[in-house]
Amino acid sequence: ILPREPFAISAAIALAGGLWLSAAAVFARLEERKDERADDADVSLAGLLDPLQEDQEFRNYIATRALLISTALAPPFLVMLGNGDDGFGNLGLLVLASSIASIVSSYFWGALSDWSSRRTLMLAGAASGGILVVAAGTGILGVIDQTGYLIAGYIFVSQIAYQGARAGRKTHLTDMDSDGRKSVYTALSNTLIGALLVFGGLLGVLADVAGPQSVLVVLACFSLSAIFSAFRLSEVQQDNS
């Protein structure tokens, strides 16, 4: 007889997979609006890179979004701050903290980004940088979290910051003037950020060599730098009002 816990986990994974497939079926029925300049778009590589050369706002946006990658990369290294080999023993608690953070912060970030996506990105960078500095300090001082609640608290705040970065960058790109090339801006930004995420794997090497606290210091610097990068963005919501 199979243990009940593996069966329950398998059932949950199967349910999640079914929900993903259902979501895919729903999205497949959506009709996308065609870009105003789609027929005249330059599909060459040089043409696709034009926004980086021509649009200062877009360059600032890419820089800010690149620095806020730190909010997505931080959680695994926060988990590594756990108590040695038992660091993953409280994984359920950490997943719960992450889920609650997403739920409780979604309305706040959505409302704030509709008012000012620029300020949303600045606040997300500040929140992420602050909690990562505290977490790194914990690791440097050798504080051991026996219960898992301390790490769960770090995960909770960092995931709130991550949700803010997501809401802010999506809203900013939507409201930013793209001269009828929204799909080009979106594809280019996603491609560039995806390429940078590949290099994020190097942080794992740093963690093996110098410990997760060293990675958290680096990520904290990225998050705090995003505040100044986002400051240079325009208030696109006010510009469109």
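Side chains are part of it too, since the values below use all heavy atoms of this structure and drop only hydrogens, waters and symmetry mates. We're numbering straight along the sequence, starting at 1.
- Remark: Gln213 pairs with no residue by the side-chain hydrogen bond (donor to acceptor under 3.5 Å, both in side chains) rule, at least two apart or across chains.
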Name each donor-acceptor pair under 3.5 Å that joins a side chain in residues 120-131 to protein atoms two or more places apart or in another chain, with its distance.
unit_1: Thr120; atom_1: OG1; unit_2: Ser113; atom_2: N; d: 3.2
unit_1: Thr120; atom_1: OG1; unit_2: Ser116; atom_2: O; d: 2.9
unit_1: Ser128; atom_1: OG; unit_2: Ser223; atom_2: OG; d: 2.8

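- Distance check, rounded to the nearest 0.5 Å: CD1 of Ile193 to CG of Leu188 gives 9.5 Å.
- With Trp115 contributing its side chain and Gly110 its backbone, the two residues share no donor-acceptor pair below 3.5 Å.
- In the model, Ser102 has a side-chain atom that pairs as donor or acceptor with a side-chain atom of Gln163 under 3.5 Å.
- Here Tyr149 sits in one hydrophobic cluster together with Leu93; the rule is ILVMFWY side chains under 4.5 Å apart, joined directly or through other members.
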Quick one, Tyr154 with Thr138, criterion side chain to side chain donor-acceptor pair (under 3.5 Å). Give me CA distance, side-chain angles, the key distance, then yes/no.
CA-CA 11 Å; Tyr154 293 159; Thr138 300; 2.5 Å; yes
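- Between Arg118 and Glu57, none of the side-chain N atoms (NZ, or NE/NH1/NH2) sits under 4.0 Å from a carboxylate O, so this pair counts as no salt bridge.
- Looking at Ser214, its side chain does come within 3.5 Å of a backbone N or O of Gly211 through a donor-acceptor pair.
- Under the ring-ring contact (aromatic ring centres under 6.0 Å, His included) criterion, Phe58 pairs with Tyr185, not counting sequence neighbours.
- Using modelled atom types, no side-chain atom of Ser98 and backbone atom of Leu94 make a donor-acceptor pair closer than 3.5 Å.
- Checking Asn190 against Arg65 by side-chain atom types alone, a donor-acceptor pair falls below 3.5 Å.
- The ring-ring contact (aromatic ring centres under 6.0 Å, His included) analysis of residues 203-225, with sequence neighbours excluded, yields no pairs.
- With Lys170 contributing its side chain and Ala165 its backbone, the two residues share no donor-acceptor pair below 3.5 Å.
- Within the model, atoms CD1 of Ile62 and CG of Leu67 stand 11.0 Å from one another, a figure rounded to the nearest 0.5 Å.
- Rounded to the nearest 0.5 Å, atoms CG (Leu219) and CG (Leu68) are 11.5 Å apart.
- A distance of 10.5 Å separates CG in Leu132 from CG in Leu73, rounded to the nearest 0.5 Å.
- The two atoms that bring Pro75 and Thr71 nearest to each other are CD-O, 3.7 Å, heavy atoms only.
- Between Ile160 and Ala101, the shortest heavy-atom contact is CG1-CB, 3.7 Å.
- Scanning both residues, Leu78 and Ala135, for their nearest heavy atoms gives CD2-CB, 3.5 Å.
- A donor-acceptor contact closer than 3.5 angstrom links the side chains of Thr64 and Ser229.
- The backbone N or O of Asp177 sits nowhere less than 3.5 Å from a side-chain atom of Lys182 that would complete a donor-acceptor pair.
- When the salt bridge (Lys or Arg N to Asp or Glu O under 4.0 Å) test is applied to Arg119, the partners found at least two apart in sequence or on another chain are Glu235.
- A distance-only check finds no donor-acceptor pair linking the side chain of Gln159 to the backbone of Ala72 [under 3.5 Å].
- With values rounded to the nearest 0.5 angstrom, Ser105 atom OG is found 11.5 Å from Leu112 atom CG.
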